[in-house]
A.B. asks: 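Here you go, one structure.
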Protein chains: 2
Amino acid sequence: MQNCTCFNLRKATRAVTQLFDEALKPCGLFATQFTLLAAISSRENVAITELSKALVMDRTTLTRNLKPLQKLGWVEVLQGEDKRTKTLSLTRSGKNVLKKAMIHWKKVQRQVVKTLGNSNWEVLLDNLSSTVKKLNPY
Amino acid sequence: MQNCTCFNLRKATRAVTQLFDEALKPCGLFATQFTLLAAISSRENVAITELSKALVMDRTTLTRNLKPLQKLGWVEVLQGEDKRTKTLSLTRSGKNVLKKAMIHWKKVQRQVVKTLGNSNWEVLLDNLSSTVKKLNPY
DNA sequence: CCAAAATACGTGTATATGCTCCTAAATATG
DNA sequence: CATATTTAGGAGCATATACACGTATTTTGG
């Protein structure tokens with residue numbers, strides 16, 4: 001099964017995630033959490049389901065992943081105008097953490113791009129994006 | 001952060017894993033479990049740490065992922081000659097499940113390759129492999 | 001306007017992932 | 001040969017992921 005698409009993706013994801021987790025450790029957050037902070041930052045007051053669709057992530061997964069960020073006081077979850085929804089926004093503290101994390105993220109991202117080679121990296125990202133587009137109906 | 005390597009990998013992995021999970025559902029196993037059965041099948045009596053390194057997976061993660069497979073009677077875990085180690089092998093039942101799952105795997109794998117386009121897929125797999133090689137010291 | 005359908009969300013359950021700390025066995029070192 | 005070090009593995013803890021089922025709110029259809 002050396003050529004299983006799923007296996008190879010998951011394996012590469014493990015390797016890369018460990019690198020990003022390690023790089024973000026000084027900021028006290030995981031790669032996934034950094035992603036969430038950044039995603040919320042660029043879409044203040046987004047609803048949970050809406051964000052989960054953008055991230056190609058199950059709604060309940062997002063809800064649970066938000067939990068530690070709420071506990072740390074980085075993300076605020078409020079009832080939306082539509083009372084069925086909950087809207088997400090960063091606290092001042094959350095914005096500060098994101099700002100600091102961004103520095104470390106840039107560093108590890110640059111390192112990865114350099115290690116893979118710029119053109120390889122570009123092709124990889126293109127392929128990942130198009131994979132998501134083609135496989136994810138939303 | 002639209003261009004974050006980690007985010008894009010994880011996102012694509014979620015999309016692809018859901019597809020493979022769905023395809024393997026009739027066999028009662030998840031994509032990850034299929035991978036483990038196949039990996040053990042091709043390396044009978046491999047030790048836990050050795051397999052974990054090959055899969056670029058934390059040793060403790062592998063141990064835990066084996067648990068449901070043991071419970072279902074598909075994988076046997078025995079003490080190795082070196083009494084520190086535990087060796088892994090498929091039971092008869094495990095081999096049967098793998099055989100059936102392989103049919104479904106081939107189908108979904110073909111579908112993904114077709115959807116992405118054969119040459120895109122090949123480039124993607126190459127890039128994933130080389131990413132792992134370059135980032136994983138082992 | 002009211003009942004049915006659709007939408008947004010949470011909880012329970014289960015697997016997936018990795019770090020830290022601990023124990024047991026094998027190996028290296030003096 | 002005895003002890004120190006290395007190696008293999010487990011358990012506790014925390015996050016990541018998604019499905020099934022249930023509840024509340026909004027929208028739709030008559």
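Each chain gets a letter, A, B and so on, in the order the sequences are listed, and its residues count up from 1.
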A.B. asks: Closest-nucleotide mapping onto DNA chain C: is A:D21 or A:I48 further toward the 5' terminus? I mean the 5' end.
C.D. replies: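 Result of the comparison: A:I48.
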A.B. asks: Think B:T32 has a side-chain N or O under 4.0 angstrom from the OP1 or OP2 of C:dA16?
C.D. replies: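 Checking B:T32 against C:dA16: at least one side-chain N or O falls below 4.0 Å of OP1 or OP2.
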A.B. asks: Between A:S89 and A:N45, which heavy-atom pair has the shortest distance, and what is it?
C.D. replies: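 Heavy-atom minimum between the residues: CB-OD1, 4.1 Å.
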A.B. asks: Can you tell me which nucleotide in D:dA18, D:dT26, C:dT15 comes closest to the side chain of B:P68?
C.D. replies: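 Selected nucleotide (nearest to the side chain): C:dT15.
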A.B. asks: Would you please confirm or rule out a distance under 4.0 Å between OP1 or OP2 of D:dA16 and any side-chain N or O of A:T61?
C.D. replies: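 Checking D:dA16 against A:T61, no side-chain N or O comes under 4.0 Å of OP1 or OP2.
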A.B. asks: When you measure from the side-chain N and O atoms of B:R14 to the phosphate of D:dT17, is any distance below 4.0 Å, counting only OP1 and OP2?
C.D. replies: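 Yes, B:R14 has a side-chain N/O under 4.0 Å of OP1/OP2 on D:dT17.
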A.B. asks: Given atom NZ of A:K11 and atom P of C:dT17, what is their separation to the nearest angstrom?
C.D. replies: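 Spelled out: NZ on A:K11 to P on C:dT17 is 13 Å.
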A.B. asks: Can you tell me if A:R84 touches the phosphate of D:dT27, counting only side-chain N or O atoms and a distance under 4.0 Å to OP1 or OP2?
C.D. replies: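 No.
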A.B. asks: Given that B:K25 and A:K71 both sit by DNA chain D, which one's nearest nucleotide is further toward the 5' end?
C.D. replies: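 Here A:K71 is the residue nearer the 5' end.
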A.B. asks: Under a 4.0 Å heavy-atom cut-off, which of residues 85-101 of chain B touch DNA chain C?
C.D. replies: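 Heavy-atom cutoff 4.0 Å gives no residues at all.
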A.B. asks: For a quick test of reading the model: is some side-chain N or O of B:T49 closer than 4.0 Å to OP1 or OP2 of D:dA8?
C.D. replies: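 Result: no.
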A.B. asks: Quick one: is B:Q18 getting a side-chain N or O under 4.0 Å of the D:dT17 phosphate, OP1 or OP2?
C.D. replies: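 So the side chain of B:Q18 is outside the cut-off, no N or O lying under 4.0 Å from OP1 or OP2 of D:dT17.
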A.B. asks: Evaluate the side-chain proximity of A:E44 to A:L90: yes if any heavy-atom separation is below 4.5 Å, no if none is.
C.D. replies: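 Yes - at least one pair of side-chain heavy atoms lies under 4.5 Å apart.
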A.B. asks: Could you tell me whether the side chain of B:T61 and the main chain of B:M57 form a donor-acceptor pair under 3.5 Å?
C.D. replies: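 Here the side-chain-to-backbone pair does not exist.
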A.B. asks: Between A:W121 and A:T115, is any pair of side-chain heavy atoms under 4.5 Å apart?
C.D. replies: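 Side-chain contact under 4.5 Å: no.
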A.B. asks: Taking the side chain of B:R59 as its heavy atoms from C-beta onward, which of D:dG9, C:dC19, D:dT25 lies nearest to it?
C.D. replies: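 From the listed options, D:dG9 comes nearest.
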A.B. asks: Hey, does the side-chain of B:R64 have a donor or acceptor N/O within less than 3.5 Å of a partner on the base of D:dG12?
C.D. replies: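 Such a pair is found, so the answer is yes.
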A.B. asks: Please tell me if the side chains of B:L88 and B:E76 come closer than 4.5 Å, counting only heavy atoms from C-beta onward.
C.D. replies: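 Answer no - side chains too far apart.
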A.B. asks: Between B:T63 and D:dG9, does any side-chain N or O lie under 4.0 Å from OP1 or OP2?
C.D. replies: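 The answer is no; no side-chain N or O of B:T63 sits under 4.0 Å from OP1 or OP2.
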A.B. asks: OP1 or OP2 of D:dT17 sitting under 4.0 Å from any side-chain N/O of A:N65?
C.D. replies: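 A:N65 to D:dT17 OP1/OP2: side-chain N or O found under 4.0 Å.
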A.B. asks: At under 4.0 Å between heavy atoms, what does A:R10 touch on the DNA or RNA strands: base, sugar-phosphate, or nothing?
C.D. replies: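 Sugar-phosphate, no base atom in range.
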A.B. asks: Can you find a heavy atom in the side chain of B:T5 that is under 4.5 Å from one in the side chain of A:Q109?
C.D. replies: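 When only atoms from C-beta onward are counted, A:Q109 and B:T5 do touch, with a gap below 4.5 Å.
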A.B. asks: Pick the nucleotide of DNA chain C nearest each of B:Q79 and B:L66; which residue has the one closer to the 5' end?
C.D. replies: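 First, find each residue's nearest nucleotide; the 5'-ward one identifies B:L66.
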A.B. asks: Can you tell me the distance, in whole Å, between the CD atom of A:Q70 and the P atom of D:dA16?
C.D. replies: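 Taking atom P of D:dA16 as the reference, CD of A:Q70 is at 13 Å.
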A.B. asks: Could you point out which residue of B:V97, B:L98, B:L72 forms a side-chain contact (heavy atoms from CB on, under 4.5 Å) with B:L29?
C.D. replies: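 Result: among B:V97, B:L98, B:L72, B:V97 is the only option passing the side-chain contact (heavy atoms from CB on, under 4.5 Å) with B:L29.
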